[in-house]
Every structure is written in structure tokens, then in C-alpha cells.
Student: 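This is the structure I have questions about; it appears just below.
Values below: all heavy atoms of this structure, side chains included; hydrogens, waters and symmetry mates excluded. Keep in mind it's a predicted model, so treat the numbers as computed, not measured. We count ligands from 1, going down the list as the structure has it; atoms in each ligand are counted the same way.
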Amino acid sequence: MNNKKPILISGVQSTGGLHAGNYLGALQNFVALQNSGKYQCFFFVADYHSLNEDFNPKEKPKQILEVVLSFLAAGINPKESVVFVQSAVPMHAELTVILNNFAPFGELKRMAQFKDKSEAAPQNVNVGLFDYPVLMAADVLLYDATVVPVGEDQLQHLELARTLARKFNARFGKTFIEPKPLLTLTPRLMGLDDPNKKMSKSHPAGCLFLDDSPKVIKEKIMRATTDSGKKIKYDEKNKPGISNLLLIYSALSNKPVKTIEKMYKNKGYAEFKKDLAEVVIRVLMPFQKRKKLLKTNKQKLKTIIAAGNKKAEIVANKKIIEIKKKIGLTII
Ligand code: TYM
């Protein structure tokens with residue numbers, strides 16, 4: 001690892017299968033940024049973050065592995081990037097406890113995700129859900145990360161990380177770097193069934209999952225909600241359905257939206273959708289194949305994760321010692 005490069009970090013929750021929003025808003029960008037050679041990259045499974053909704057402990061190991069497999073199958077190379085599991089590095093929890101004392105209660109209460117999830121599951125509004133953005137700030141600040149590739153839904157949380165860094169630095173001297181978000185051209189992919197709602201695991205009906213079979217991909221895309229009219233044209237306001245599909249096509253084919261519009265100038269929705277399904281299948285089939293292959297060598301996976309955990313812990317441990325010193329927690 002070249003320690004002089006700026007640090008980049010991002011995480012994905014272990015809550016089940018990843019969808020096209022995760023891929024186009026984050027994962028695809030993780031790989032491009034790693035391959036740019038500009039950063040020292042850390043990618044982790046946010047398994048602590050996944051505990052604030054109802055979960056089955058028997059499913060957790062599989063869900064954690066699922067994220068690691070998706071990282072690797074998408075092209076994250078553990079020889080270049082550090083791949084690790086959040087809960088294996090205890091300093092994430094330690095820094096959360098420390099940062100909690102500087103996190104404004106009112107600001108956390110107003111977080112969009114907290115409000116949405118509280119409304120969606122009023123029977124389980126827990127402190128973990130409330131404190132989620134502070135844990136996320138700890139994830140990032142612990143590594144002195146300068147950039148964090150995420151989807152748009154995480155911007156508010158990252159803003160809190162910046163606020164906490166500023167506050168802490170002002171009081172105890174320069175300790176943290178204020179991290180900047182990095183967005184893709186598809187920072188907010190919308191649901192296939194309802195293009196006015198974000199594609200989200202909590203609403204599986206609108207998701208295109210990375211593990212969907214070619215048959216399911218075709219069905220889902222052909223069924224995707226489109227708009228009245230016939231034109232294949234990007235117009236987020238009046239044609240949110242077609243615009244969303246155009247973004248998927250563009251991001252997966254590396255063709256600008258304008259080029260795709262021209263390709264389908266005199267063609268209908270059905271032909272466009274049929275071709276889009278082919279584009280999606282062409283990207284996802286090799287991804288699924290790599291995942292399947294990686295799954296057969298559990299030992300190798302465990303070795304990769306253990307090595308990543310160790311590397312992350314060395315960085316995190318150094319930082320937590322520095323932080324504790326700054327706040328006077330250093331009797332011995
Ligand atoms: P998570 O697991 O919900 O999502 C993983 C990544 O996918 C992005 N994403 C989307 N992008 C575009 N369109 C969508 N419809 C869409 N849905 C999800 C998310 O923005 C995210 O980048 N809190 C984070 C995990 C996390 C984290 C961190 C990220 C924990 N600690 C520190 C960065 C840095 C989350 O729940 O992501």
C-alpha cells in the first residue's frame with residue numbers, strides 16, 4: 001500500500017442482496033476509483049449498521065459474506081484495497097461512543113433516513129437507528145478519509161461527519177479530516193415500479209437485484225413503469241420512468257444518455273426495454289459467475305477478510321490512541 005495517497009473509504013450494509021442502486025450509486029464507482037490508482041481504498045461491510053432493523057442472527061454471516069462477495073465480484077481487488085468487516089474492528093464502536101458526546105440530538109432527530117425508517121417501522125424505533133449517522137461518521141473519521149463514494153441518500157449523514165470533525169478539531173486541535181462525498185452520475189436510482197421512489201431494499205418490488213436471473217431481469221424491465229407518450233427522451237420531471245431506465249442503460253453501457261436517445265429516436269418503449277434488459281444481463285451474468293466461483297473457496301475468502309480486518313485495525317488503533325490522548329483518556 002502506498003501510504004501517501006489520499007484515503008478513500010466506503011461501506012455497504014449487510015442486509016441481504018444488493019440491487020442496481022447499490023451498484024450504480026456505489027459499487028461500480030468503488031471499482032473505478034480503486035482502478036484510478038489515485039487513492040488508498042478501504043471498503044467494508046457495515047454489519048453494525050445492519051442491526052437496527054429486525055434481523056435473524058442465523059442469516060447474518062451469509063449476509064456479511066454476500067457483501068464481500070459482491071465487492072470482489074464487481075472488481076475490488078484485495079491486493080490493492082483493504083476489504084474488511086466493521087464489527088471486527090472494535091475502534092468503530094469506541095469512536096462512536098466518543099463522538100456521541102458531540103453529536104447534536106436535534107440534528108440526529110431531523111435526519112431523513114431516521115424519520116423515514118421510524119415511520120416505516122414504528123414498532124422498532126431504537127437508539128441504534130437514531131445513532132446510525134454517528135457510527136457512520138466514526139467509520140470515516142477513524143481512517144482520515146478525504147473522500148467517500150456514496151449515493152445521494154448518504155449525503156446528509158456525511159455532512160454530520162464533517163460537522164463532527166469540525167467541532168472536535170475546534171475544541172481539541174486538528175485531529176480529523178473533513179471527508180468529501182463522491183457521487184456517480186446515478187446518485188439516486190429510482191424504483192422500477194415507481195420512478196418517484198428511490199430503489200431501496202425496504203421496497204423489494206421496485207428493485208433490480210444483482211442476483212436476478214436473466215428471465216427475472218427481462219420481466220422486471222419489461223414491466224417497469226414508463227410514462228405516457230412514446231419518445232425515449234431524458235426528462236426527469238415529465239418522464240421519470242424512461243429517464244430512470246435511460247440512466248441505467250447509460251451507466252451500464254458507458255454510452256452518454258444523448259447517444260442512447262439518438263439510437264432510439266424512432267423506436268418504441270418495448271424495443272428500448274428489450275435492449276436494456278440485454279445490457280443489464282451482459283453486465284450481471286459475468287458478475288454472478290464470478291460470485292459463484294468465489295463462493296466455492298470459503299477458505300480463501302476468510303483469508304482475504306482476516307487480512308483486511310488486520311490492516312484496518314492497525315490504522316484504526318493508531319487513530320483511536322491519538323483521539324483518546326486529545327480528550328484526556330490517557331492515565332496509563
Ligand atoms: P447502503 O448499504 O444502504 O447502500 C450502499 C451504497 O449504495 C448507495 N445506494 C444508492 N445509490 C443510488 N441509488 C439508489 N437507489 C441507492 N440505494 C443505495 C448508498 O448511498 C450507499 O453508498 N450507511 C451506508 C453504509 C455505510 C457507509 C459508512 C457508507 C456505513 N458506514 C461510511 C460510507 C461511509 C448505507 O446504509 O449504505
Student: So, Thr330 and Lys324: side-chain donor and acceptor under 3.5 Å apart, yes or no?
Tutor: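 Lys324 and Thr330 do not have a side-chain donor-acceptor pair below 3.5 Å.
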
Student: Among pairs that include at least one residue of residues 188-244, which meet ring pair (Phe, Tyr, Trp, His ring centres under 6.0 Å), considering only residues two or more places apart or in two chains?
Tutor: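 For residues 188-244, and leaving out neighbouring residues, there are no ring pair (Phe, Tyr, Trp, His ring centres under 6.0 Å) pairs at all.
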
Student: With a 4.5 Å cut-off on side-chain heavy atoms, are Glu278 and Lys218 touching?
Tutor: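 Side-chain contact under 4.5 Å: yes.
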
Student: Which atom pairs, one a donor and one an acceptor, fall under 3.5 Å between side chains of residues 10-19 and the rest of the protein, sequence neighbours left out?
Tutor:
{"from": "Ser10", "atom 1": "OG", "to": "Pro149", "atom 2": "O", "distance (Å)": "2.7"}
{"from": "Gln13", "atom 1": "NE2", "to": "Tyr132", "atom 2": "OH", "distance (Å)": "2.9"}
{"from": "Ser14", "atom 1": "OG", "to": "Ser50", "atom 2": "OG", "distance (Å)": "3.3"}
{"from": "Thr15", "atom 1": "OG1", "to": "Lys201", "atom 2": "NZ", "distance (Å)": "2.9"}
{"from": "His19", "atom 1": "ND1", "to": "Gly21", "atom 2": "N", "distance (Å)": "3.0"}
{"from": "His19", "atom 1": "ND1", "to": "Asn22", "atom 2": "N", "distance (Å)": "3.2"}
{"from": "His19", "atom 1": "NE2", "to": "Asn22", "atom 2": "OD1", "distance (Å)": "3.4"}

Student: If only atom types and distance count, is the side chain of Gln156 paired as donor or acceptor with the main-chain N or O of Ala112 below 3.5 Å?
Tutor: yes

Student: At less than 4.0 angstrom from any atom of ligand 1, which residues have a non-hydrogen atom? List them by chain and residue number.
Tutor: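 Close residues (ligand 1, cut-off 4.0 Å): Ser10, Gly11, Val12, Gln13, His19, Gly21, Asn22, Gly25, Ala26, Phe44, Ala46, His49, Tyr132, Met136, Asp139, Val140, Val148, Val150, Gly151, Asp153, Gln154, Thr186, Pro187, Arg188, Leu189, Lys198, Met199.
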
Student: Quick one: ring-ring contact (aromatic ring centres under 6.0 Å, His included) partners of Phe168, sequence neighbours excluded?
Tutor: Phe102, Phe172, Phe176

